[in-house]
Amino acid sequence: MNYFLHIVILLEIYIILALSLNMKVGFTGLLSIAQAIFYGIGAYVTAIFMVELGSPFLLAIVISIVVSVFFSLFIAFIASRLRDLYFALATMAFQIILYAIIYNWTSLTNGPYGIAGIPQPEILGVAFDNLSSFALLGFVFMVLTILFLLWFQKTPFSRLLESTRDDELAVIAMGKNPKYYKRFSVCISGALAAIAGSLYATYVTYIDPSSFTIDESILIMSIVIIGGTGNIWGPVSGALFYILLPEVLKFIDIPDSIAASLRMIIYGFVLILIIRIKPDGFFGKYVFK
Amino acid sequence: MEDLLIIENLSKAYNGLQVLQEISFSVEKNSIIALTGENSTGKTTLFNLINGFDSHDNGNIIFDGKNISQWGAIARSRAGIGRLFQNSRVFKNMRVLDILLASCFDNPGERILNYFVNPASIKSFEKTSRNKAAEVLNYLRLLDKSQDFGGSLSHGEKKLLSLGMLMMNNYKLILLDEPFAGLNAKMIDKISDTLSDLARNGQTFIIIEHNIEKVSSISNQVLILKEGRIIENNKINNANNLIN
Amino acid sequence: MEIFIQILINSIVSGLLLMLVAYGFSLIFRTNKVFHIAHGGVYVASVYFLIFIHSYCQNLFILHEILLWGISIILTILFVSLLALLIELLVYRPLYKKQASEIISLITSLGLYIVIVNMIALLFGNETQMINNEVKESYFISDIIITHGQQVQFLFAIICLLVLAVPVNISRIGKKLQAVADNQEIASVIGINVKKMRLIAIIIGSLLAASGALLKAYDVGIDPHMGMSITLSAVVVVILAGKNSFWTLLITAILISTIQNFTEWFLSAQWKEGITYLILIIILLFRTEGIMSYKLRIENR
Ligand SMILES: Nc1ncnc2c1ncn2[C@@H]1O[C@H](COP(=O)(O)OP(=O)(O)OP(=O)(O)O)[C@@H](O)[C@H]1O
Ligand SMILES: [Mg+2]
């Protein structure tokens with residue numbers, strides 16, 4: 001049961017994370033390979049505020065969102081100058097630079113030793129201190145995210161994000177500024193990733209830089225690509241596939257040491273195959289080109 | 001009549017190649033200008049300069065009484081210069097209806113703040129623009145495609161849809177870059193009917209077209225471009241079959 | 001003062017190793033039009049294969065040490081060529097046939113990288129591996145040390161560059177590769193076998209990366225995840241250099257590794273990557289036209 005709940009919580013976090021990146025990749029066509037950084041900012045800001053300053057959980061989340069949105073503006077700046085491959089490359093550079101800062105700024109982040117003893121969330125006197133209540137909390141956040149995106153998809157605003165993704169020049173010819181839409185989508189994306197990060201930090205109660213490496217960013221990107229982009233069910237199915245794959249592998253009784261690598265091998269193969277034969281992913285809407 | 005657009009001594013060079021040299025002409029309100037000339041004489045470049053995609057080296061562009069030489073493409077579009085591209089640029093992964101809705105000017109839903117302050121304005125704007133889009137789709141006989149993706153349309157339908165995008169707003173001047181190229185006779189008729197309908201309502205056009213016969217019959221001024229210069233600028237008074 | 005000369009010498013040696021990887025990357029990027037992140041996978045795979053085949057042969061026959069290494073290295077060269085061949089045929093050629101975009105090739109290459117690295121981890125574990133465990137004597141000039149490892153690296157890096165990279169620059173094959181890099185359609189029209197050139201590029205490029213990896217592992221340990229960071233450093237070199245000239249790449253590689261070594265000395269090793277990518281992001285953001293063929297006609301953007 002506990003193990004099952006653990007998987008559920010991971011799933012909730014990864015669904016939020018995948019949806020957050022989808023905002024960039026699917027809605028605005030920005031293939032960013034830096035999502036782990038915003039996830040990490042969410043986790044670290046929450047940890048620092050809760051451990052060092054004893055701030056309540058909700059306040060910590062709000063501050064994480066603000067900080068993450070601030071850093072998202074860098075991605076917006078990159079997006080206003082670079083496209084396609086060079087945009088992706090610059091986001092990778094951004095990921096590595098911010099990782100170096102998190103790793104080296106020991107007075108704030110405690111560097112490689114990480115931050116331990118992060119309290120479990122408490123909202124209005126209700127403590128989410130066991131697995132089942134935390135799973136419930138994660139579920140609420142996940143559902144809120146999905147509801148928000150379902151609503152957002154139908155707004156006139158999201159149409160303009162999509163037009164920016166499809167053809168920037170035509171958007172300019174329509175008298176609208178694509179930079180504005182990019183900036184917005186990048187900020188929403190950063191905010192959602194920060195929420196996932198806050199949940200992660202309070203769930204595991206100990207974080208260190210190793211959870212927010214470039215490998216993690218590549219992973220989040222591939223979750224979105226495999227599941228599909230441009231809608232909600234694409235990224236959700238990608239997260240489901242990623243989290244449930246090792247559970248399926250358990251049935252074929254292989255030693256743990258091998259299982260982790262095997263999972264990633266299968267995952268890499270699926271990524272290569274999907275992009276070749278079904279570039280819109282499992283359930284995506286937008287065909288990434 | 002009043003001049004809507006005045007081009008004065010416009011020049012443009014790309015890496016030393018003089019594409020346009022001292023172009024001057026003016027466009028009256030409610031007129032249709034045909035712009036013709038051989039390939040690579042700078043017709044599309046001239047459009048890029050007029051709608052602000054690129055900046056010119058010398059000269060002035062005066063639109064609606066204002067010198068817009070320093071304005072960007074976004075501002076020029078909002079001032080009323082619309083453009084149909086030589087190769088249609090409809091949004092590939094969006095549905096036809098959404099494409100039309102996205103192209104409306106001054107949508108309150110473009111501003112985040114409005115979702116909190118004035119959601120009603122977004123709703124009502126959405127309603128009127130949906131009606132308008134339905135009208136446009138009906139007029140262009142694209143109603144049955146309204147839920148198709150832009151990328152799945154045929155070449156001709158893309159041109160029609162691009163026209164539709166322009167019809168969603170009241171542009172003062174529309175630049176059409178080879179609207180008839182690559183279309184069959186039926187589609188050409190459909191598009192030229194649409195254009196003459198618009199012209200009858202007082203729309204001003206500049207049309208790039210290679211076939212000088214085809215355009216001289218529908219326009220009241222023909223500009224011929226050669227090696228970056230205007231070599232002929234004829235006003236045609238009798239051939240107003242489009243307007244009447 | 002000595003310390004500066006010492007860092008400079010270290011930088012020249014590590015710059016040569018970086019050059020091997022960067023030249024290979026550049027060759028593949030330009031010819032095959034793939035942003036070959038999996039280069040890092042090949043880099044690491046070569047070291048693990050050499051160690052594996054060496055200990056395997058050691059148990060099989062009793063040979064003189066030098067002969068044993070010779071055989072192992074030849075087998076490793078074959079292995080890396082085969083790996084490159086498979087990568088091109090199974091993964092990149094389908095992309096070429098479909099005229100896939102650069103970004104699709106990047107994603108594919110990332111997937112390939114994940115597969116290779118985890119394959120290594122699966123077969124050999126995640127532990128650090130080293131080729132040479134003995135400490136040999138260093139060479140001293142007053143206070144400046146040139147270790148035995150550095151001497152070997154310096155010598156063999158130059159040999160590898162002479163054997164692998166220089167011919168690509170001057171021979172007839174080099175001209176053909178350049179033609180394919182410039183424009184694949186024109187190249188195939190004038191009778192160049194584009195598919196063959198792509199194969200040659202990826203094999204030579206991978207051998208260059210492998211030689212860099214083996215020389216690196218001769219001195220310090222290597223683990224399966226090291227390939228990514230060296231590949232990204234190579235990317236920085238290729239983009240900063242801008243053009244495909246041998247000397248520009250070499251000088252840039254030495255420059256980058258000088259910066260890395262100074263950062264390591266004056267700040268800390270952990271800042272090395274951060275600083276390298278700071279340079280990359282600054283070049284990308286403020287000097288874009290110089291690097292890429294972005295001078296498109298407005299309508300084609
Ligand atoms: N951004 C640019 N950079 C460099 N050269 C350009 C650019 N835009 C246009 N040119 C050059 O300017 C010349 C005129 O091009 P333009 O597209 O304006 O011709 P055109 O009259 O529209 O031709 P067509 O009838 O084929 O559409 C061409 O030689 C073209 O190569
Ligand atoms: Mg043209």
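Quick caveat, the model's predicted, so the values are computed rather than measured. Chain letters run A, B, ... following the sequence lines, proteins first and then strands; every chain starts at 1.
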Can you see which heavy atom on A:Leu82 is nearest to which on C:Leu284, and at what distance? CD2-O, 3.4 Å
Between C:Leu232 and chain A, which part of the residue has a heavy atom less than 4.5 Å away: side chain, backbone, both or neither? side chain
Measuring from atom CD1 of A:Ile258 to atom CG of C:Leu123, what distance do you get when rounded to the nearest 0.5 angstrom? 9.0 Å
Spacing of A:Ile218 atom CD1 and C:Ile107 atom CD1 [to the nearest 0.5 Å]: 11.5 Å
Under 4.5 Å from any heavy atom of chain A, what part of C:Leu90 do you find: side chain, backbone, both or neither? backbone
If you count heavy atoms of other groups shown closer than 6.0 angstrom to CZ of C:Phe266, is the number above 12? yes
Which atom pair, heavy atoms only, marks the closest approach of A:Arg276 to C:Lys98? O-NZ, 2.6 Å
Non-hydrogen contacts under 4.5 angstrom with chain C: give the residues of residues 87-104 of chain A involved, or none if there are none. A:Ala88, A:Leu89, A:Ala90, A:Met92, A:Ala93, A:Phe94, A:Ile96, A:Ile97, A:Ala100, A:Ile101, A:Tyr103, A:Asn104
Honestly, the part of C:Ser268 sitting under 4.5 Å from a heavy atom of chain A is side chain
With a strict 4.5 Å heavy-atom criterion, list every residue of residues 37-45 of chain A that contacts chain C, or say none. none
Please report the shortest heavy-atom distance between C:Ile103 and A:Leu85, naming the atom on each side. CD1-N, 3.7 Å
Toward chain C, the part of A:Ile214 with a non-hydrogen atom under 4.5 Å: side chain
Pairwise side-chain contact, A:Met264 with C:Val117, heavy-atom cut-off 4.5 Å (strictly under): no
Give every donor-acceptor pair under 3.5 Å between a side-chain atom in residues 25-33 of chain A and any protein atom, sequence neighbours left out.
residue	atom	partner	partner atom	Å
A:Thr28	OG1	A:Met23	O	3.1
A:Thr28	OG1	A:Ser185	OG	2.7
A:Ser32	OG	A:Ala34	N	3.4

Does any heavy atom of chain A fall under 4.5 Å from the side chain of C:Leu280, the backbone, both, or neither of them? side chain
Taking ring pair (Phe, Tyr, Trp, His ring centres under 6.0 Å) as the test, write out the residues that go with A:Tyr181, two or more places apart. A:Phe157
Please evaluate residues A:Ile78 and C:Ile281 with respect to the criterion side-chain contact (heavy atoms from CB on, under 4.5 Å), reporting the C-alpha separation (whole Å), side-chain torsions for both, the decisive distance (0.1 Å), and the verdict. CA-CA 9 Å; A:Ile78 296 173; C:Ile281 216 166; 3.9 Å; yes
For A:Ile225, which atoms come within 4.5 Å of any heavy atom of chain C: side chain, backbone, both, or neither? side chain
Around atom NZ of C:Lys216, are there more than 12 heavy atoms from other residues, nucleotides or ligands closer than 6.0 Å? no
Does A:Phe283, at its CZ atom, have more than 12 non-hydrogen atoms belonging to other residues, nucleotides or ligands within less than 6.0 Å? no
Top of C:Ser105, C:Ala100, C:Pro94, C:Ala121 for chain A proximity - count of heavy-atom pairs under 4.5 angstrom: C:Pro94
What part of C:Leu112 gets closer than 4.5 Å to chain A, counting heavy atoms only: side chain, backbone, both or neither? both
As an exercise: rank C:Ile114, C:Ile116, C:Leu95 by heavy-atom pairs under 4.5 Å with chain A and give me the winner. C:Ile114
Checked C:Leu278, C:Val115, C:Val235 vs chain A; the most non-hydrogen pairs under 4.5 Å come from C:Val115
Residue A:Tyr206 excluded, over 12 heavy atoms near OH under 6.0 Å: yes
Can you tell which part of C:Ser101 gets under 4.5 Å to a heavy atom of chain A, answering side chain, backbone, both or neither? side chain
